[in-house]
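Please read the structure below before turning to the comments.
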Amino acid sequence: MRLSSLLTSTARWGRAGFALGALALLAGCDYNFWRMDGHQSTITVAGPVARSQLEVFYVTCWVTLVIFILVGGVLAYATLKFRAKTEAEEKAIPPEQGHGNPLIELGLIGASVLALVIIAIPTLKGIWYTYDVPEDRKADTYEITATGYQWWFKFEYPSEQIAGSGALTTGNELVIPAGRPVRVNVRAIDVIHSFWVPKLAGKVDMIPNRGNFLWLQADEPGYFWGQCAEYCGDSHAVMRFRVIALSPKDFADWVAQQTSPARNVTPKPGETAKAQFASLRTFKQNESGITDKYDVAPLEAWKAKQFPEKGENAALIAQGKALFVSKTCASCHEVRGHGAAGISGPNLTHIGARSMLAAGLIENNAEQLQRWIHDPGAVKPGNKMAKGYLDNNIKLTPENEVALVAYLQSLK
Amino acid sequence: MEAILKSDLHAKDAHAPAKSTLFWRPTAQTGLISWLTTVDHKKIGFLYGVFALFFFLVGGFEALLIRLQLMYPNGTVLTAQQYNTMFTMHGTTMIFLAVMPLSAAFFNFIMPLQIGARDVAFPRLNAFSLWTFVAGAIIINLGWFMHDGAPDGGWVGYAPLTSKTFAADHSIDMWVMGLQLLGVASIAASLNFIVTIINLRAPGMTMMRLPVFTWMTLITAFLIVLSFPFITIALVELMMDRLFGTNFFEVSNGGMPILWQHLFWVFGHPEVYILILPAMGIVSEILPTFSRKPLFGYPIVVFSGASIGFLGFSVWSHHMFTTGMGTMATAAFSLATMAIAVPTGVKIFNWIGTLWNGHISMRTPMMFALGFVWMFMIGGFSGVMHSAAPADAQQQDSYFVIAHFHYVLIGGSLFALLAGIHYWFPLMFGRKVSEFWGKLSFWVIFAGFNITFFPMHFLGLNGMPRRTFTYDANLGWNAANFIATIGALILGVGIFIYFAVMVYTFLKGEKVAKDVWDARTLEWSLPNPPPEYNYRVIPTVHARDAYWYNKQHKEEIAREEAEKAKAEAAHGGIHMPHQSIYPFVASLGLLIAAVGIAVIDHDPSPGFWGKKIGVSMIGGVVMLAGIYFWALEGNEGYHLHLDDEGHAPADKNAAKH
């Protein structure tokens with residue numbers, strides 16, 4: 001008797017302890033998966049299009065939740081109430097063999113239709129609102145063309161024409177004016193991609209031979225995460241981009257800087273090339289290229305990238321500039337004003353001023369940039385640059401890499 | 001009709017044709033040959049089930065690898081390419097090689113029994129469907145053992161990612177040819193089921209007395225026959241692009257990738273109902289049985305099933321809300337999709353109505369069936385959320401979609417199929433799964449499933465796109481991904497328990513008498529396992545829940561049966577179809593031809609007649625030979641004469657004409 005009571009109490013304490021431990025584990029390890037405030041959240045939105053889509057979602061959510069509680073409640077009640085508790089009850093004379101009730105059926109069909117009408121009205125409004133910029137805002141709209149490639153994004157600014165080289169072109173970081181509607185024409189050349197910046201707008205597919213568009217607007221200046229949302233081959237998961245929304249003045253400054261040709265750094269007579277950093281460490285397969293501090297103030301970090309790096313070595317940069325041509329980088333990439341005019345890769349005229357590399361995958365700093373040009377295939381499986389290295393038999397010594405990094409970093 | 005058929009056969013028997021040496025008639029009852037040549041719908045159903053469960057485990061293994069890769073950010077379990085192969089094969093395997101054939105297993109085994117038939121209308125065509133399905137499954141999975149690897153174009157195979165430019169090796173060819181063969185198998189099987197249900201119903205089994213599972217079989221079969229041609233066309237076009245350089249989807253020459261999406265989803269959306277309607281049918285059998293009440297609102301449930309089938313053809317573009325269709329088309333497809341919620345909701349109301357006032361026995365099949373209703377409800381509600389196009393612009397291709405369709409396909413289809421296995425196991429094998437182990441597996445599967453897929457709703461709303469092999473740690477996705485992987489492992493344990501118990505029961509389980517659940521439909525009037533001829537006497541049906549009625553009117557039914565037995569004996573006994581090897585030969589020909597087309601490199605060195613052409617032609621010849629021999633061997637069948645106790649004579653051949 002005493003032993004058994006001891007066992008029971010032990011078991012009870014054990015259970016309580018287990019429950020507490022589990023709770024502690026949950027609390028300690030931040031397992032609150034229901035928080036939806038990440039960089040790509042569709043819930044903490046930052047613009048009217050995403051907000052309109054979120055409102056429709058909330059309507060569907062509330063309507064279905066109410067129905068779920070009602071229907072689920074009845075289902076649970078029926079299951080518990082009419083459950084045969086004993087073997088005798090199971091074998092009892094069967095209940096009256098009713099076949100249904102047309103009035104109940106019609107009533108429920110009517111109620112379902114009503115619930116759907118509640119959802120349908122905001123849905124229809126939302127479809128028209130999110131499709132294109134509202135008439136009264138059209139005059140204020142800024143136009144951009146975004147093209148998806150395996151696996152990066154090209155952004156063109158048709159309203160910023162540069163004499164002799166057409167529209168201003170950048171890659172992987174889309175800079176837009178805050179507070180203005182932006183109409184993005186989405187295109188693709190190779191396979192289907194999808195343009196998605198969750199905090200600003202739902203996705204629209206970039207389909208070859210099909211001219212799609214979407215509109216979005218960032219209410220305030222900010223730094224937004226975007227990602228390709230249609231499976232597009234090997235490196236689909238790492239085809240990312242950023243949207244940077246700037247105040248009107250900052251945006252004008254940025255355009256002025258971008259439309260000017262690539263920056264030149266002239267070495268002083270007698271200056272010698274010195275490596276600015278330690279040799280390349282080895283990276284694990286699929287190692288993250290983002291540090292924690294990057295997340296604290298990404299917009300400020302991006303703004304800081306607009307200014308020249310500290311401790312630039314002009315001679316090293318000059319070496320890198322020559323290597324960029326001799327190692328045939330220039331046949332795929334454009335650096336306007338430096339004689340590099342390739343178009344199959346991203347435009348690098350102002351690469352040093354971007355916050356991310358390899359399509360939003362790794363931070364733009366010396367270490368990650370060297371990692372990227374050292375072995376592009378290890379960072380981004382299957383990408384064209386890795387293939388280009390093989391096809392053109394490009395081999396870079398550590399010294400080459402350091403010089404190229406210094407050069408690319410100087411392109412502000 | 002019945003009488004005409006019978007007398008015709010009787011007349012033929014009297015003039016049995018001379019045995020031909022050209023046509024080999026296998027008679028083996030055991031061993032490999034008996035399985036390869038069987039035309040018995042129960043054996044064929046069993047084989048469908050075995051293959052489906054095998055591929056279900058393969059697909060599950062692929063899923064576990066996917067979850068392990070995503071357990072932590074920047075995972076290194078798989079490479080990008082391996083990951084892409086895994087999700088492509090997981091989707092393709094689960095849909096075409098697990099859930100569809102498992103449904104087909106039930107169509108084959110249960111449907112003829114439910115309508116009081118002795119076999120399907122075209123027994124040899126049935127065997128052909130089975131073996132062609134196996135051939136397709138082999139072709140799709142062949143890449144695992146080859147240098148090219150298994151397909152990695154996603155289960156939807158969106159053009160132009162599947163074109164020669166972006167997928168130069170043979171893996172996509174194998175995917176294309178494998179799906180083509182599965183299409184042939186599915187269409188042949190479905191035509192067979194349609195003819196069977198329309199023509200071979202027992203006397204008195206009117207359409208509005210058909211068990212709901214048979215109704216859903218009929219609707220599913222129509223959906224297959226009407227929707228598979230679309231994917232067949234799409235696959236033919238893709239194959240032409242890849243083999244002969246046509247430009248249906250070739251972007252650089254003006255091809256239209258969007259055409260693939262339309263063709264694929266005109267098939268793909270009905271396909272969703274092809275996966276779920278049989279499940280609804282199974283649940284509509286189980287709930288009444290274990291509530292000891294007829295299905296609430298039978299006509300409305302049947303009508304809802306049919307209207308889901310019809311509406312299923314008018315909503316395909318809701319898979320394409322983000323392709324820039326314009327406002328009007330988006331609105332139309334949005335509203336049509338919402339409309340589908342009405343008949344679906346009606347079914348749920350009627351299932352609850354069935355429970356109401358019943359005597360609910362909480363046995364394992366009932367647990368799975370109730371689990372189905374709950375989970376399908378959640379999946380249905382997230383489906384309604386997708387139907388609102390603006391909201392879907394955020395959800396499309398995110399983990400929210402993954403959560404939605406796994407609630408529908410695991411919580412829905414799979415739960416119902418697992419319920420069906422438990423429910424009909426005693427009938428199929430005469431043994432019953434232990435309640436304890438059955439319920440334990442249910443709870444583990446139920447918990448594992450929800451732990452895996454519920455967090456994915458949050459993951460999707462938090463912006464995680466699907467089909468991504470890696471993610472960074474700073475996006476707020478770590479917790480949900482970790483929990484989902486733990487859930488997947490639990491789900492894996494649950495599935496393992498389920499199958500371990502199933503195999504044990506099959507070998508050593510408790511033997512039970514017939515009609516162990518006190519069920520309502522005709523198949524339960526048979527001894528278990530059912531004899532090869534199913535019904536000693538073709539039953540006469542008097543009411544909707546036919547066997548329930550028979551149990552209430554035992555004397556009347558016994559009298560009627562005795563009279564019919566005499567009449568049938570006078571007509572020459574029970575007519576049975578002959579076994580045949582030719583359906584297998586025809587399928588083998590298809591397999592060889594598909595290998596020729598999909599796997600072998602074209603080597604034009606001896607002119608036009610390369611190895612590729614040669615092997616394809618040999619396959620074609622073998623297939624044609626199989627079909628011709630099959631046509632020419634005749635279909636006279638033979639007769640069984642049972643003694644008074646209902647046993648067939650020991651020497652079967654003696655009974656054959």
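Order of the sequence lines sets the chain letters (A, B, ...), proteins ahead of strands, with each chain counted from 1.
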What part of [X] gets within 4.5 angstrom of chain B, counting heavy atoms only: side chain, backbone, both, or neither?
X	answer
A76(A)	both
T79(A)	both
A50(A)	both
L214(A)	neither
I290(A)	side chain
D190(A)	both

Would you find more than 12 non-hydrogen atoms of other residues, nucleotides or ligands less than 6.0 Å from [X] atom [atom1]?
X	atom1	result
Q285(A)	CD	yes
K293(A)	NZ	no
M328(B)	CE	no
R83(A)	CZ	no
Y549(B)	OH	yes

Is [X] close to chain A through its backbone or its side chain, or both, or neither, when contacts mean heavy atoms under 4.5 Å?
X	result
I300(B)	side chain
R466(B)	backbone
M362(B)	both
S334(B)	side chain
Y158(B)	side chain
M338(B)	both
L459(B)	neither
N350(B)	side chain
F400(B)	side chain
Q261(B)	side chain

Side-chain donor or acceptor of [X] paired with backbone N/O of [Y] under 3.5 Å:
X	Y	answer
D397(B)	E230(A)	no
S52(A)	P48(A)	no
Q395(B)	V401(B)	no
D472(B)	N474(B)	no
R210(A)	G324(B)	yes

Based on non-hydrogen pairs under 4.5 Å, which of [options] is most in contact with chain B?
options	value
I104(A), N286(A), T64(A)	N286(A)
F213(A), W128(A), Y58(A)	W128(A)
W196(A), Y77(A), Y129(A)	W196(A)
D295(A), V204(A), I43(A), L361(A)	D295(A)
P381(A), P208(A), C228(A)	P208(A)
Y294(A), W225(A), F57(A)	F57(A)

Between [options], which has the largest tally of heavy atom pairs under 4.5 Å with chain A?
options	value
T468(B), N84(B), T79(B), L355(B)	N84(B)
G476(B), A480(B), S361(B)	S361(B)
A159(B), G297(B), S387(B)	G297(B)
A339(B), G326(B), G380(B), S382(B)	G326(B)
F469(B), W356(B), F321(B)	W356(B)
I258(B), T322(B), L475(B)	T322(B)

| Side-chain ion pair, R292(B) and D518(B), N-O less than 4.0 Å | yes

| query | Looking at F458(B), does the NZ or CZ of R35(A) lie under 6.0 angstrom from its six-membered ring centre and within 45 degrees of the ring axis? | reply | no

| Quiz item: cation-pi between R520(B) and W548(B), 6.0 Å / 45° | yes

| request: Write down the atom of I362(A), the atom of A358(A), and the distance for their closest heavy-atom approach. | output: CG1-CB, 4.3 Å

| query | Step by step, would you call D152(B) with Q81(B) a side-chain hydrogen bond (donor to acceptor under 3.5 Å, both in side chains)? | reply | CA-CA 8 Å; D152(B) 62 351; Q81(B) 225 253 320; 2.8 Å; yes

| said: Which label fits F195(A) and F241(A): parallel for a plane angle under 30°, tilted from 30 to 60°, or perpendicular past 60°? | reply: tilted

